[in-house]
Amino acid sequence: MAHHDKATPRWKSLAPLVVAVVIALLPVPAGLAPHAWYFFALFMGCVVGLIFEPLPGAVIGLIGVTLAALFSPWVLFSPAQLAQEGFDAPGQAFSWAVSGFTNATVWLIFGAFMFALGYEKTGLGRRISLWLVAAMGRRTLTLGYAVMIADTILAPFTPSNTARSGGTIYPVLQNLPPLYDSHPNDPSMKRIGSFLMWTAIASTCVTSSLFLTALAPNLLAIALTQSATGIHISWGSWFLAVAPVGIVLLLIVPLLCYWLCAPEITSGSEVSDWARSELKKLGKPTHHELLLVVMVVAALLLWIVGGSFISASLVGLVVVCAMLVTGIVSWNDILANKAAWNTFVWFATLVALAGGLSRVGFVDWFGALMGGYISDFDPLIAMLALTVIFYLLHYLFASITAHVTALLPVMLAAASGISGLDMQTFVLLLLPTLGFMGIITPYGTGPSPVYYGSGYLPSALWWRLGALFGLLFLVAWLALGTPWLLWVVG
């Protein structure tokens, strides 16, 4: 996320407005209602705002839905709707503007942010990381595996990979390289520092794809897909779709890092000794930590098998209530969790805006238009091509949220225009790439700037490894994931 403390260049503030006005002034395309075109203009203005961030993303989303509701007679409703007797345009416009706040997926994100708060407050996340480092830190390769396992344990309950990797794992990791005289911005970084940092960021990109709740934009993408196509994807079906490829990648990522970003030090006892001394300082696991483990395991089981009798979002709220009642977190902790409230408002407004594209008929029109150009494609080739384009375009985005908002509606509309293409399979092929694509650039996902700023991954090294791992993740996902999905979904 961009920082807003420095003065924002004037052009960044004006760009969203200019883009919206220019699109609105262009001739309305044939076959599309004028109000749908004006809504699209407003939507594109919001997307440009999310890319440049002259204001925080949540503010841009809030301004977007407010403007659309304010000018609803011109952008939300057709003349035919407005002419209906008893049609309450102001009431309908407001209901639409706040519709994202009742979206189940948005609440699931919020609940998962509170899980992460529990990890942080009780110190359980740090304890798990230290425990793994103490147990596996004598050899550099197994230390890489300890980093990966720590991320995997925290991932299902930490929808901010910045909080998980940048906030929980990185603070433990940054203490390790100096124990072997490996320092940032120095040739000694190759001793062990570069290997550890790259293993951590590569692992978090895989776990972000493996679990629906490990990356907030996954949940945003699910909500946008449901509003555009009516397809709902549960926690369990996402995991089932990604597990074979995700688990294989997790198992080989530390080894690949060991080969491609080879550490000069391969073993030593300093790291595990340091972790043991830190664990001694922490003392025995507290009552709250043990309670949290029980809650986390229960929630995971309900997410996997409880879909028929309890919604995943309600599971999140039940755990939040349980954490409040048992004192693991206080109401003030929840109020002070700015990241959770920010994401809640941001995603609730984006869900409404993207849902508006379907509501005004833009998505159907665009799908039919695209279908005219690519209807001759073989459905499988078209699915793969759209997925590759979606993935590679992430080079242009500094935020996965902006990427999802800008490109997902377009991709879904294009796919819906291809006859014979199974949308359920396509959605399960497309959406899980969101975690993987974070690896390609030093700005590709939340924790990237943290690791890039560590001084152990200089620019040239990052771009080279990012291209290598980015390609490897994509090829593995398409080559192994596609046949698996065709078999499971088909």
Side-chain angles (χ1 to χ4, degrees), residues 116 119 124-158 160-180 182 184 189-211 214-215 246-276 278-279 435-436 438-439 445-448 450-457 461-462 465-466 469 473:
Y119 269 133
L124 181 63
R126 178 173 161 83
R127 184 185 297 277
I128 290 169
S129 306
L130 286 169
W131 184 64
L132 285 162
V133 167
M136 301 172 72
R138 287 186 170 277
R139 301 186 66 80
T140 306
L141 178 58
T142 53
L143 179 59
Y145 276 94
V147 171
M148 177 274 287
I149 293 167
D151 198 297
T152 308
I153 291 171
L154 299 174
F157 309 98
T158 323
S160 162
N161 59 3
T162 314
R164 172 170 80 249
S165 195
T168 305
I169 289 173
Y170 176 75
V172 172
L173 274 194
Q174 67 174 350
N175 293 296
L176 307 183
L179 300 175
Y180 291 114
S182 177
M189 64 189 174
K190 290 185 182 152
R191 295 179 69 135
I192 195 171
S194 299
F195 162 75
L196 281 180
M197 298 302 167
W198 189 257
T199 306
I201 186 68
S203 299
T204 211
C205 287
V206 178
T207 59
S208 295
S209 279
L210 180 57
F211 304 105
L215 183 70
I247 291 167
V248 167
L249 282 175
L250 280 181
L251 293 174
I252 62 171
V253 155
L255 191 59
L256 284 169
C257 297
Y258 194 73
W259 289 336
L260 299 170
C261 186
E264 291 166 5
I265 290 171
T266 55
S267 62
S269 59
E270 289 90 332
V271 162
S272 47
D273 291 347
W274 173 82
R276 280 197 189 89
E278 289 293 305
L279 279 169
F436 297 138
I439 197 72
T445 188
S448 303
V450 176
Y451 288 100
Y452 183 57
S454 72
Y456 288 103
L457 294 167
L461 179 67
W462 190 302
L465 287 173
F469 277 72
F473 288 173

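Taking CG of Leu457 as the start and SG of Cys261 as the end, the distance is 6.5 Å to the nearest 0.5 Å. Separating the CG atom in Leu256 from the CD1 atom in Ile252 is a distance of 4.5 Å, to the nearest 0.5 Å. Here Cys257 contributes atom SG and Leu465 contributes atom CG; the two are 8.0 Å apart, rounded to the nearest 0.5 Å. The distance from atom CH2 of Trp131 to atom CG of Leu124, rounded to the nearest 0.5 Å, is 11.0 Å. Taken from OG in Ser165 to CG in Leu173, the straight-line distance is 7.5 Å, to the nearest 0.5 Å. Here CZ of Phe195 is found 7.5 Å from CD1 of Ile192. Values are rounded to the nearest 0.5 Å.
No donor-acceptor pair closer than 3.5 Å links the side chain of Ser272 to the backbone N or O of Gly137. Counting only distance, with no hydrogens or angles, the side chain of Ser454 and the backbone of Val450 share no donor-acceptor pair below 3.5 Å. Between the side chain of Thr168 and the backbone N or O of Ala163 there is at least one donor-acceptor pair closer than 3.5 Å. Within the 3.5 Å criterion, the main-chain N or O of Thr445 finds a donor-acceptor partner in the side chain of Ser448.
Nearest heavy atom pair, residue Gly193 against residue Ser182, reads N-OG, 3.2 Å. Shortest non-hydrogen contact noted between Val206 and Gly246 is CG1-O, 3.6 Å. Here the closest heavy-atom approach between residue Ala150 and residue Ile169 is recorded as C-CD1, 4.0 Å. When all heavy atoms of Ser208 and Arg164 are compared, the pair lying nearest together is OG-NH2, 3.0 Å. Closest non-hydrogen pair, Phe473 versus Ala202, comes out as CZ-O, 4.1 Å. Nearest heavy atoms, Gly455 versus Met189: O-SD, 3.5 Å.
Asp151 and Thr207 form a side-chain donor-acceptor contact under 3.5 Å, judged by distance and modelled atom types alone.
Considering only heavy atoms from C-beta on, Ile153 comes within 4.5 Å of Leu132 through its side chain. With a 4.5 Å cut-off on side-chain heavy atoms, Tyr170 and Pro447 do not count as touching. Side-chain contact between Leu130 and Val133 is absent, with no heavy-atom pair separated by less than 4.5 Å. Put simply, the side chain of Tyr451 does not reach to within 4.5 Å of the side chain of Leu196, judged on heavy atoms.
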Pair Thr152-Phe211, side-chain contact (heavy atoms from CB on, under 4.5 Å): steps then yes or no: CA-CA 9 Å; Thr152 308; Phe211 304 105; 4.2 Å; yes
Criterion side-chain contact (heavy atoms from CB on, under 4.5 Å) on Trp274 and Asn175, from CA distance to verdict: CA-CA 9 Å; Trp274 173 82; Asn175 293 296; 3.3 Å; yes
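Evaluated for a ring-ring contact (aromatic ring centres under 6.0 Å, His included) with Trp198, the options Phe469, Tyr452, Tyr456 yield exactly one hit, Phe469.
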Please output the side-chain donor-acceptor pairs of residues 138-149 that fall under 3.5 Å, not counting sequence neighbours, one pair per line with the distance.
unit_1: Thr140; atom_1: OG1; unit_2: Ile265; atom_2: O; d: 2.7
unit_1: Thr140; atom_1: OG1; unit_2: Thr266; atom_2: O; d: 3.2
unit_1: Thr142; atom_1: OG1; unit_2: Met136; atom_2: O; d: 2.6
unit_1: Thr142; atom_1: OG1; unit_2: Arg139; atom_2: O; d: 3.0
unit_1: Tyr145; atom_1: OH; unit_2: Leu251; atom_2: O; d: 2.5

